[in-house]
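Reviewing the structure listed below.
The model shown is predicted, which means the values in this text are computed figures rather than measured ones.
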Amino acid sequence: LHSNNNPYASFGATLARDEEQNLWSTPHDVTHTEADDDRVLYNMIVVRNQLDKDSEEWQKLNYDIYTLRQTRKEVRSRWKHILEDLGFQKEADSLLSVTKLSIISDSQNMSKARDILLKLSEETNIFPTSWELSERYLFVVDRLIALDAADEFFKMASAVYPKRPGGDRADEGPRPLQT
């Protein structure tokens, strides 16, 4: 028997659609396209979905989307790893969660947060070489400043994800802390 009154009939399709739209870490967050990095990914998905799945263009875009998502997951994982090592095991996910409703805790922290984020980008391997700094991590650094943990986060990022000599970044996993 097939009933159109079944409220769960499209549940699988909804989950698939949500996964497609879940460009970062917050399911059902319709504001994700407001950040530049999310908008880029969203536009790639829209273009890909208009192409024939057997085409080379579709395959290339699908690969680019997958690669971008994997890179973002890897960066988030690196941040989470450091947060957990700093003792924020239970808070790591909430510290990394950024939506349209997120606010900067203190406007005076904005320039310090930008400086620390830029320093993380230039002096550590926490971001891949091709990574464009995301506003999302500005909010995270602001939270770390409010918790008086930003400097410790930078020190640990420098130790765990050091930038290689000569300016190249290591693409391997985290290095163990030397004690």
- Task: Answer yes when Arg76 and Asp93 have at least one side-chain N-carboxylate O distance shorter than 4.0 Å, and no when they do not.
- Result: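 A salt bridge links Arg76 with Asp93.
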- Message: Do the side chains of Lys155 and Glu152 get close enough for a salt bridge, i.e. N-O under 4.0 angstrom?
- Response: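 Glu152 and Lys155: salt-bridged.
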Compare every heavy atom of [Y] with every heavy atom of [X], then report the nearest pair and how far apart it is.
X	Y	result
Thr71	Pro128	CG2-CG, 3.4 Å
Asp142	Asn109	OD1-CB, 3.5 Å
Ser94	Arg143	O-NH1, 3.3 Å
Leu120	Ala157	CD2-CB, 3.6 Å
Trp58	Lys53	CE3-O, 3.5 Å
Ile145	Lys112	CD1-CG, 3.9 Å

- Message: Quick one, Val98 with Glu135, criterion side-chain contact (heavy atoms from CB on, under 4.5 Å). Give me CA distance, side-chain angles, the key distance, then yes/no.
- Response: CA-CA 9 Å; Val98 176; Glu135 182 181 6; over 6 Å; no
Decide yes or no for [X] and [Y]: does some side-chain heavy atom of the first lie under 4.5 Å from some side-chain heavy atom of the second?
X	Y	value
Leu147	Glu91	no
Phe88	Leu96	no
Val75	Tyr137	yes
Leu144	Leu83	yes

Once rounded to the nearest 0.5 Å, what's the spacing between atom [atom1] of [X] and atom [atom2] of [Y]?
X	Y	atom1	atom2	result
Leu86	Gln89	CG	CD	9.5 Å
Leu51	Gln59	CG	CD	11.0 Å
Ile126	Glu74	CD1	CD	10.5 Å
Leu68	Met44	CG	CE	6.0 Å
Tyr161	Ile82	OH	CD1	5.5 Å
Lys119	Thr124	NZ	OG1	10.5 Å

- Query: Does Asp52 CG have over 12 foreign heavy atoms under 6.0 Å away?
  - Reply: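 Buried by this count: over 12 neighbours within 6.0 Å.
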- Task: Determine whether more than 12 heavy atoms belonging to other residues, nucleotides or ligands lie under 6.0 Å from atom CD of Gln70.
- Result: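 Result for CD/Gln70: enclosed.
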- Message: Donor-acceptor check, side chain of Arg48 to backbone of Leu61, threshold 3.5 angstrom: yes or no?
- Response: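 Checked: no pair found.
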- Message: Looking at Thr67 and Tyr63, would you say the former's side chain and the latter's main chain have a donor-acceptor pair under 3.5 Å?
- Response: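 Yes, Thr67 side chain to Tyr63 backbone: donor-acceptor pair under 3.5 Å.
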- With hydrophobic residues grouped by side-chain heavy-atom distances under 4.5 Å, do Ile65 and Val47 end up in a single group?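 Linked, Ile65 and Val47 end up in one cluster.
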- Message: Between Phe153 and Trp79, does the side-chain contact (heavy atoms from CB on, under 4.5 Å) criterion hold? Intermediate values first, please.
- Response: CA-CA 9 Å; Phe153 184 92; Trp79 280 72; 3.2 Å; yes
